[in-house]
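Reviewing the structure listed below.
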Amino acid sequence: MSKQPSVFFAICVVPLDIVACESFIRSTATGAEVIFVGTVRELSHGKKVVHLEFESYEQMAQKELQRITAIIKDRWSPDSILLHHRIGKVKPGEIAVIAAIAAHHREQAFEACSFLMDELKRTIPIWKKEVFEDGEEWVTPHP
Amino acid sequence: MSKQPSVFFAICVVPLDIVACESFIRSTATGAEVIFVGTVRELSHGKKVVHLEFESYEQMAQKELQRITAIIKDRWSPDSILLHHRIGKVKPGEIAVIAAIAAHHREQAFEACSFLMDELKRTIPIWKKEVFEDGEEWVTPHP
Amino acid sequence: MTVRLLIFGIAHEIAGKRSTTFEVPDNATVSELRSLLSLTYPQLGPLSFAIAVNQQYVEDSVILTENDEVAIIPPVSGG
Amino acid sequence: MTVRLLIFGIAHEIAGKRSTTFEVPDNATVSELRSLLSLTYPQLGPLSFAIAVNQQYVEDSVILTENDEVAIIPPVSGG
């Protein structure tokens, strides 16, 4: 397939909106949508989180997403690829990231969305710091 | 883990609501949500679909979901399992099914949600008929 | 004895009804029920379908009981 | 020659700044840049970080050019 998927990428300082994301990727040509929503947990290693603080290297994040998008297009030919990531302070219960894929078949959508999240965690230049009541700590990635 | 996941099952004659589904499964204890949204395509084998018509054997669907839920609980220990399926007439672009899993880690959520959809398509007693401008046809499942 | 028969999907269109009562010999198996169904609804013959008894999929060897809820389950196609 | 240095995550806290200009020899490699960074910011030493040049991850053998945008990329932790 040579059709280009639609790509929606945003780094946002305001709350992420699942409905907006889903309507970006929805089309009557597409049967399957997989949406990943990553929220902030109130406990990290048993300690109460006050908030997370995210920062990003946005221009590079955009280039990394282009690289990832090219791989996803080759492997799964989806109709749409979306990644919205929050930066700044994000409280427990709030959404930190939404990744979404629309495709013809559900296997494509599940695999592509899972891969997009794996690659986000592996290479996209975004960092988070956990802020506790008694201190703060930059998060080192878990594989 | 012996904790019981929350289970939300519904067979609906009214449009399905992604926001409602996501808020059912959201909690501050859970970091990862995977939501599958299945929509009706406007073309089926190149023919224009007027609408789909779904019917279900609801009591048995509920029992099948209990069986599937027990397997998902054993394998992935998610916090929540949701399946909302539309019945009656559903038009192209409308949502036919929402399946959603909330879990601590994204791998659990992706795998459990994909398994839930596979099992839905394999065993849950729901049937659809495609209605075209010039006729109609019960859909036989594709693996 | 009598069982309650529920008929879904393409099978209900073939049978022309969604539910009915159905007579089977005492202690009939699901396999015997299948044969009787084919006699009553010859067009069901070519259709591959599962049988559920009291809302559970069953094997052909299962023995039916008076008043069981028996369902004809054509290949499902939800989602 | 001068490159523009961007410093992210835990590294910007160690360095006490998010961006600066940085002097390197003409035709310096990324590997040489790393050594100079460790001299200027000794606390970066124990940290494992990647280097991006003009918004792309690069190997240590890459040769820098005047005015490149060079970024210190600690292990990412988005999502």
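- Contacts of A:Glu136 with chain D are made by side-chain atoms alone, with heavy-atom separations under 4.5 Å and no backbone atom involved.
- A:Tyr57 places no side-chain N or O within 3.5 Å of a backbone atom of D:Ala52 that could act as its donor or acceptor partner.
- Across D:Asn54, D:Leu6, D:Ile10, the residue that shares the most heavy-atom pairs under 4.5 angstrom with chain A is D:Ile10.
- With a 4.5 angstrom heavy-atom cutoff, A:Trp127 touches chain D via backbone and side-chain atoms both.
- Note: A:Gln59 leads A:Gln62, A:Arg86, A:Gln59 in heavy-atom pairs under 4.5 Å with chain D.
- With rounding to the nearest 0.5 angstrom, the CD1 atom of D:Ile14 is 10.5 Å from the CH2 atom of A:Trp138.
- Counting heavy-atom pairs closer than 4.5 Å to chain D, the top residue among A:Leu83, A:Leu52, A:Ile124 is A:Ile124.
- Summarising the local packing, NZ of A:Lys89 is surrounded by 12 or fewer heavy atoms from other residues, nucleotides or ligands at distances under 6.0 Å.
- Within a 6.0 Å sphere centred on NZ of A:Lys48, other residues, nucleotides and ligands contribute 12 heavy atoms or fewer.
- The contact between A:Arg122 and chain D is made entirely by backbone atoms, counting heavy-atom distances below 4.5 Å.
- Here the closest heavy-atom approach between residue A:Pro125 and residue D:Ile73 is recorded as CB-CD1, 4.4 Å.
- Summarising the local packing, CD of D:Glu59 is surrounded by 12 or fewer heavy atoms from other residues, nucleotides or ligands at distances under 6.0 Å.
- Counting heavy-atom pairs closer than 4.5 Å to chain D, the top-ranked of the candidates A:Leu120, A:Ile87, A:Thr123, A:Val97 is A:Thr123.
- Top candidate by heavy-atom pairs under 4.5 Å with chain D, chosen from A:Glu137, A:Glu64, A:Met117, is A:Glu64.
- More than 12 non-hydrogen atoms from other residues, nucleotides or ligands lie less than 6.0 angstrom from NZ of A:Lys129.
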